[in-house]
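Notes for the one structure printed next.
To find a chain, count down the sequence lines: A is the first, B the second, and so on, and within it residues start at 1. Side chains are part of it too, since the values below use all heavy atoms of this structure and drop only hydrogens, waters and symmetry mates.
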Number of protein chains: 2
Amino acid sequence: MSNPSAATPQPLTPDEESLVRALGQVMHVLPRAIDADMVGDRQLPLTEYTALMNLSETPERRMRMNELAALCHLSLSGMTRTIIRLETQGLVRRERCEEDARGWNAVLTDAGYARLQEAWPSHLAAVRRRFLQHFEGFDLAQLARAFQRAGTAEPTD
Amino acid sequence: MSNPSAATPQPLTPDEESLVRALGQVMHVLPRAIDADMVGDRQLPLTEYTALMNLSETPERRMRMNELAALCHLSLSGMTRTIIRLETQGLVRRERCEEDARGWNAVLTDAGYARLQEAWPSHLAAVRRRFLQHFEGFDLAQLARAFQRAGTAEPTD
DNA sequence: CATATTTGCTTGACCAATCAAGCGCCGGTT
DNA sequence: AACCGGCGCTTGATTGGTCAAGCAAATATG
């Protein structure tokens, strides 16, 4: 009767339950909404924006595919494909890596930088309006730390 | 010079910045991690689990495709396809709707209910371990309200 | 009451992501 | 210096979702 392996575990409290449901909703709605904003506004999908942005934050505006993929939360092959899309638009160029001929650098072109500058305010506004706005009065640093912990996935086992 | 339409908007504060980045990480990592836990543990992908769960919470264990799609954060066609997958496993059955012959009800079978019972603790544990755990000490109700606001997407315009 | 419009759902075409396999290049071993 | 396992990236196949078109039942309209 009190066999722990057969026992039904404690269910979530109502507050936990609503938080989990609300997070589910946000995870579904937010990226799509922001992407739609940016496409509608500047014709630049969120994935491509993210790639350009990460490149721009680097001193030489270039990065190895490896590292860029990680920063964009994309698999390596997903990153390859995104960069190809950007390359055909002339926003990025690929160069063989000097110190390792297997590697490639994605390099932000001037056109790419200009496109980013143009799209940046739109992204900023979307993030503010659709997300940050709803957290006024919260301790954002504390929240950020909690999310960083949750975002650091331990392997499944 | 002070032309507002040409002015660069205020960038995010460092705290805002890290919160946004951390949320991006979470949105990418969490669903995959929980899905992987459940598939590894119980062979039941998160999408299918969610459908079963929503059906089970209804008095007659049945629901119109419409409503179920909304609760599962899925498009209607995505829902159709998920239900078809569940149907071939015998976890769900489809019945014509009595009061409107265009409509269908997805009905949770006994096998489906059993499967859900079996998978439920695994889902619960994953949610606790990967998410809720990191928010001990937070005002969860307040957080939930903020996420509910953020999850209620106003149309893009 | 016949016809047009709308509604509920499925189907087809597509797309962006993933995983797995492949291809060169690297670097250590003998 | 020839080999060989590992690494960086791309390519091919598949998947799970979306949107748009289709179909049948329902409802509104003349």
The side chain of [X] is closest to which nucleotide in this list: [options]?
X	options	value
A:N66	C:dT18, C:dG12, D:dC9	D:dC9
B:S77	C:dC9, C:dA17, D:dC19	D:dC19
B:R102	C:dT18, D:dA24, D:dA20	D:dA24
B:A101	C:dT11, D:dA25, D:dG17	D:dA25
A:R81	D:dA13, C:dC9, D:dT18	D:dA13

Does any non-hydrogen side-chain atom of [Y] lie less than 4.5 Å from one of [X]?
X	Y	result
B:T80	B:I84	yes
A:E67	A:T58	no
A:E48	A:R115	no

Strictly below 4.0 Å: does [X] bring a side-chain N or O up to OP1 or OP2 of [N]?
X	N	result
A:T80	D:dC9	no
A:R64	D:dC9	yes
A:T82	C:dA16	no

Whole angstrom value for the distance that separates [atom2] of [N] from [atom1] of [X]:
X	N	atom1	atom2	value
B:E48	D:dG17	CD	P	9 Å
B:E99	C:dT7	CD	P	18 Å
B:W104	C:dT11	CH2	P	9 Å
B:I83	C:dC9	CD1	C1'	12 Å
B:R85	D:dT14	CZ	C1'	13 Å
B:L86	D:dG16	CG	C1'	14 Å
A:R96	D:dC9	CZ	C1'	8 Å
A:L46	C:dA16	CG	P	13 Å

Subject >> B:Y113 atom OH: more than 12 heavy-atom contacts under 6.0 Å >> reply: no
Original post:
Quick one: do B:R94 and B:E87 make a salt bridge, cutoff under 4.0 Å?
Top reply: yes
Original post:
On a plain distance test, is the side chain of B:R94 in donor-acceptor contact with the base of C:dT10 below 3.5 Å?
Top reply: no
Original post:
Of A:D100 and A:I84, whose closest DNA chain D nucleotide lies nearer the 5' terminus?
Top reply: A:D100
Original post:
Checking all strands, does B:G78 fall into the base, sugar-phosphate, or nothing category for heavy-atom contacts under 4.0 angstrom?
Top reply: base
Subject >> Nearest-nucleotide 5' precedence on DNA chain C, B:R32 against B:M65 >> reply: B:M65
